[in-house]
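Note sheet for the following structure.
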Protein chains: 2
Amino acid sequence: MSDTPPAAAAGQPARRGPGLGTATRATRQGAAIAALLAGTPVFTTAQDLHTRLRQQGQPVGLTTVYRHLQVLADAGQIDVVRTPEGENLYRRCSTQDHHHHLVCRTCGRTVEIDTTEIETWTTRVATAEGFTDLDHTLEIYGTCATCATG
Amino acid sequence: MSDTPPAAAAGQPARRGPGLGTATRATRQGAAIAALLAGTPVFTTAQDLHTRLRQQGQPVGLTTVYRHLQVLADAGQIDVVRTPEGENLYRRCSTQDHHHHLVCRTCGRTVEIDTTEIETWTTRVATAEGFTDLDHTLEIYGTCATCATG
DNA sequence: GTAATTGCAAAGGATTTGCTCTGGT
DNA sequence: ACCAGAGCAAATCCTTTGCAATTAC
């Protein structure tokens, strides 16, 4: 065990966790992670989530945070983007449809953008060059109005 | 020194290397790296370049490879893209203008694509949302015709 | 001769894995 | 009781940094 005594079981729904095996169990950690993600509308790092969980008295191992994020991402329940620095940023997503983001590099605020025309364009260009089994990345970074002013 | 006897100084121009300090000296290593990059039309990793240099009898330390790549990239003489796995890929670029790539995930073959319309689009969308100081990433990955067939 | 460059070894930082203990069901 | 999940420590992977030895100029 750790050192910090768990803040006792709060009365939470306790969501289902990593489906590493076949079944899936509801754990305090899984619930805490899901809840935190649900209330976090910006892209954040695994490390940040880990820190905030400790602060709110719901300590969860960093490894566990990573494992849940991985499962959630695979299930398409959260988005993952890779920063130019090579760090992964996670965020709950409103739709499971394919989409891209406009991310504020200062506060993490994100705007999901409709990229229908771009999708069409990339497919057309790549196909014209004889490429198949396509995939692509597209993220726009900038400073949002609030951060630019304040 | 290493173990592999340098293939003696061939009669190469010996390009200028890392401008880490103020001046810049021409070294055998810098020339080898520049030459290899010049003859490599696909995106490759630093490790791969390092390995190939050894194979062709021009051993260069991995550290040195990284340092030269960094300098070349800063100077805009080579392109750098980050794979979803977090590895950097390098390639000489034909133009220093802003552009994007269509990369074969099997052989690394690359097609530089004109993205004028996309540039316009991203700027319009981001500006409409109040974002400034824009930057963006866009890469398309796929399997090229050759790799799909063979 | 002097300073830039090299390159080994070791550090760094994010993420993953091994393995044992804990805790849902 | 049984097996999925938690989590610590240690391992990975790529890339960077420290520093002494080398070498261009």
Side-chain angles (χ1 to χ4, degrees), chain A residues 1-9 12-34 43-51 53-54 58-74 80-90, chain B residues 1-4 6 8-9 12-34 43-51 53-54 58-74 80-90:
Chain A
M1 352 185 128
S2 212
D3 39 77
T4 313
Q12 288 161 55
R15 299 248 187 124
R16 302 275 149 187
L20 299 174
T22 36
T24 276
R25 292 179 180 175
T27 63
R28 193 207 92 226
Q29 290 87 341
I33 293 172
F43 271 100
T44 48
T45 62
Q47 311 263 357
D48 173 57
L49 291 170
H50 172 248
T51 301
L53 284 167
R54 306 200 79 212
Q58 289 282 311
V60 176
L62 181 56
T63 303
T64 301
V65 173
Y66 274 112
R67 278 198 278 241
H68 276 270
L69 288 173
Q70 197 168 282
V71 172
L72 289 170
D74 286 347
V80 188
V81 300
R82 191 132 190 140
T83 66
E85 290 72 45
E87 242 188 356
N88 284 334
L89 299 181
Y90 306 85
Chain B
M1 20 186 109
S2 216
D3 38 77
T4 313
Q12 288 160 52
R15 301 244 185 125
R16 301 278 151 185
L20 300 174
T22 36
T24 277
R25 292 178 180 175
T27 63
R28 192 208 92 225
Q29 292 87 339
I33 294 172
F43 271 100
T44 48
T45 63
Q47 311 263 358
D48 174 58
L49 291 169
H50 172 247
T51 301
L53 285 166
R54 306 199 78 212
Q58 289 284 312
V60 175
L62 181 56
T63 304
T64 301
V65 173
Y66 273 112
R67 279 198 278 241
H68 276 270
L69 288 173
Q70 198 169 281
V71 172
L72 290 170
D74 287 347
V80 188
V81 299
R82 192 137 189 136
T83 66
E85 291 72 47
E87 243 188 357
N88 284 335
L89 299 181
Y90 307 85

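Reminder, nothing fancy here: chain letters follow the sequence lines and each chain counts from 1.
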If you compare every side-chain N and O of [X] against the phosphate oxygens of [N] (OP1, OP2), does one of them come in below 4.0 Å?
X	N	answer
Gln70(A)	dT16(C)	yes
Asn88(B)	dT15(D)	yes
His68(A)	dA6(D)	yes
Tyr66(B)	dT16(D)	no
Thr63(A)	dC8(D)	no

All side chain to side chain contact (heavy atoms under 4.5 Å, CB included) counterparts of [X], not counting sequence neighbours:
X	result
Leu62(B)	Gln47(B), His50(B), Tyr66(B)
Thr51(B)	Gln55(B)
Leu72(B)	Leu37(B), Gln77(B), Ile78(B)
Thr83(B)	Glu85(B), Glu87(B), Leu89(B)

| In terms of the nearest nucleotide of DNA chain D, which residue is placed more toward the 5' end: Leu62(B) or Leu62(A)? |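 Whichever sits nearer the 5' end wins; that is Leu62(A).
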| said: The criterion is ring pair (Phe, Tyr, Trp, His ring centres under 6.0 Å); which residues satisfy it with Tyr90(B), sequence neighbours excluded? | reply: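 Residues passing ring pair (Phe, Tyr, Trp, His ring centres under 6.0 Å) with Tyr90(B): none at all.
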Report each atom pair, protein N/O against N/O of nucleotides 11-13 of chain D, whose distance is under 3.5 angstrom.
none

| Any donor-acceptor N/O pair under 3.5 Å between dG5(D) base and Arg28(A) side chain |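 No, the side chain and the base share no sub-3.5 Å donor-acceptor pair.
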| field | Val60(A), nearest nucleotide to its side chain (from dG7(D), dG24(C), dC25(D)) | value |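 So the side chain of Val60(A) is nearest to dG7(D).
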| Taking the side chain of Gln29(A) as heavy atoms from C-beta outward, which of dG7(C), dA6(D), dA14(C) is closest to it? |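 Of dG7(C), dA6(D), dA14(C), dA6(D) is nearest to the side chain of Gln29(A).
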| request: Test side-chain contact (heavy atoms from CB on, under 4.5 Å) on Leu53(A) and Ile33(A) and set out the steps. | output: CA-CA 8 Å; Leu53(A) 284 167; Ile33(A) 293 172; 3.9 Å; yes
In whole Å, I'd like the distance from the [atom1] atom of [X] to the [atom2] atom of [N].
X	N	atom1	atom2	value
Arg67(A)	dT22(C)	CZ	C1'	13 Å
Leu72(B)	dT15(D)	CG	C1'	16 Å
Leu69(A)	dG7(D)	CG	P	14 Å
Arg25(A)	dC2(D)	CZ	P	12 Å
Tyr90(A)	dA14(C)	OH	P	12 Å

| request: Would you check if Leu69(B) and Leu49(B) make a side-chain contact, meaning some heavy-atom pair closer than 4.5 Å? | output: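 Sidechains of Leu49(B) and Leu69(B): in contact.
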| query | What nucleic acid atoms does His50(B) come within less than 4.0 Å of, heavy atoms only: base, sugar-phosphate, or nothing? | reply |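 Here His50(B) touches no strand at all.
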| query | How would you label the contact of Thr27(B) with the nucleic acid (heavy atoms, under 4.0 Å): base, sugar-phosphate, or nothing? | reply |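 Sugar-phosphate: the residue Thr27(B), judged by heavy atoms under 4.0 Å, touches backbone atoms but no base.
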